[in-house]
Amino acid sequence: MARRFCSWASSAYSSAISSVPLPTKIATVSLMSFAGDLNAQCIEALRGQREGVFDGQRSFAFTSFNIVFSGLIGHFYYNRLERAFPMSTGGLKAVVSKLFITQGLWTPFLYLPCYCFWTGSLLGRSFEQNAEKLRTGYSDLVMASWSTSGVANIMMFWFVPARHHVGVSALGHFVMSSLASLIFNKDSKRSSSNFSAVQGGDHVCDSVPFSPNHLVSGTI
């Protein structure tokens, strides 16, 4: 039964992504982003790190950013990357080129600043407060991205067709929201961390020092 459902869902998604790619990607990102943040809030509530009340403002800030940046812009971004560096002829060189543009240019100079200012503004922070948070936590945010999503990007660019890149990223948002909440909130009543911000998990762009050791410091 489960196998039959998975087969049907996979076929339906493939059909939708072929016939109406942009709406399908936006819908996928919307669903996975909201579900990821909701799951993270539930985890935090169960662990006593937040009140058991749904934070709609937090979810709206996070989900709206991902709809625009990962769903809408991501559709054109990944397609443009594939046209510029096609895997069919580029091989390893294409993967390295895409990785450099994504992790060396796109993420540090566009994604992270936009994330902090977008979500911060929707949460009521001033421009100066957002700028200060980005300034004090920028290096940690970049290192978090390189040490986690950088590896994921290599696998995605090498093995996943370009038309599914947005969907894979959306799935990553869900998984990393939950992991980030478990890892970084185990000892304090805070709602997020740099890691979840980089991965699209939670809504706060905080300046908490990040180290790859954090990935194995918690019980998951």
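Note that the coordinates shown come from a computational prediction; the quantities given were computed from them, not determined experimentally.
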| Going hydrophobic residue to hydrophobic residue with side-chain gaps under 4.5 angstrom, can you get from Leu92 over to Met156? | yes
| field | Heavy-atom pair with the smallest gap, counting every atom of Ser33 and Asn66 | value | OG-CB, 3.3 Å
| query | Apart from Phe5 itself, which Ile, Leu, Val, Met, Phe, Trp or Tyr residues share its cluster (side-chain heavy atoms under 4.5 Å, direct or through members)? | reply | Trp8
| said: Can you see whether Arg125 engages Thr119 through a side-chain donor-acceptor pair at a distance of less than 3.5 angstrom? | reply: no
| task | Check Gln41 against Val53 and note the closest heavy-atom contact, atom names and distance. | result | OE1-O, 4.1 Å
| note | Looking only at heavy atoms, the pair that brings Ala94 and Pro86 closest together is CB-O, 3.9 Å
| Salt-bridged, Lys98 to Glu82, with N to O below 4.0 Å? | yes
| For Leu72, what residues pass the side-chain contact (heavy atoms from CB on, under 4.5 Å) criterion, not counting sequence neighbours? | Leu22, Ile26, Phe76
| field | Val29 to Gly71 - nearest heavy-atom pair and separation | value | CG2-CA, 3.8 Å
| Pairwise side-chain contact, Leu110 with Cys114, heavy-atom cut-off 4.5 Å (strictly under) | yes
| said: Do Pro21 and His75 make a side-chain contact, defined as non-hydrogen atoms from C-beta onward lying under 4.5 Å apart? | reply: yes
| remark: What one should report as the nearest heavy-atom pair of Pro108 and Pro113 is O-CD, 3.5 Å
| query | Is Ile17 reachable from Tyr77 through a run of I, L, V, M, F, W or Y residues, each pair having side-chain heavy atoms under 4.5 Å apart? | reply | no
| task | Please name the pair of heavy atoms, one in Thr24 and one in Ala16, separated by the smallest distance, quoted to 0.1 Å. | result | OG1-O, 3.2 Å
| Looking only at side chains, do Trp146 and Thr107 share a donor and an acceptor under 3.5 Å apart? | no
| note | Contacts of Tyr13 meeting ring pair (Phe, Tyr, Trp, His ring centres under 6.0 Å) (sequence neighbours excluded), chain-then-number -> His164
| Aromatic contact, Phe117 with Phe127 (centres under 6.0 Å) | yes
| request: Determine whether the side chains of Thr102 and Asn153 contain a donor N or O and an acceptor N or O closer than 3.5 Å. | output: no
| message | Suppose we call two aromatic rings close when their centres sit under 6.0 Å apart. Are Phe100 and Trp106 close by that rule? | response | no
| query | Is the His165-Phe157 ring centre distance short of 6.0 angstrom? | reply | yes
| Partner of Phe65 under ring pair (Phe, Tyr, Trp, His ring centres under 6.0 Å), chosen from Tyr111, Phe34, Phe60 | Tyr111
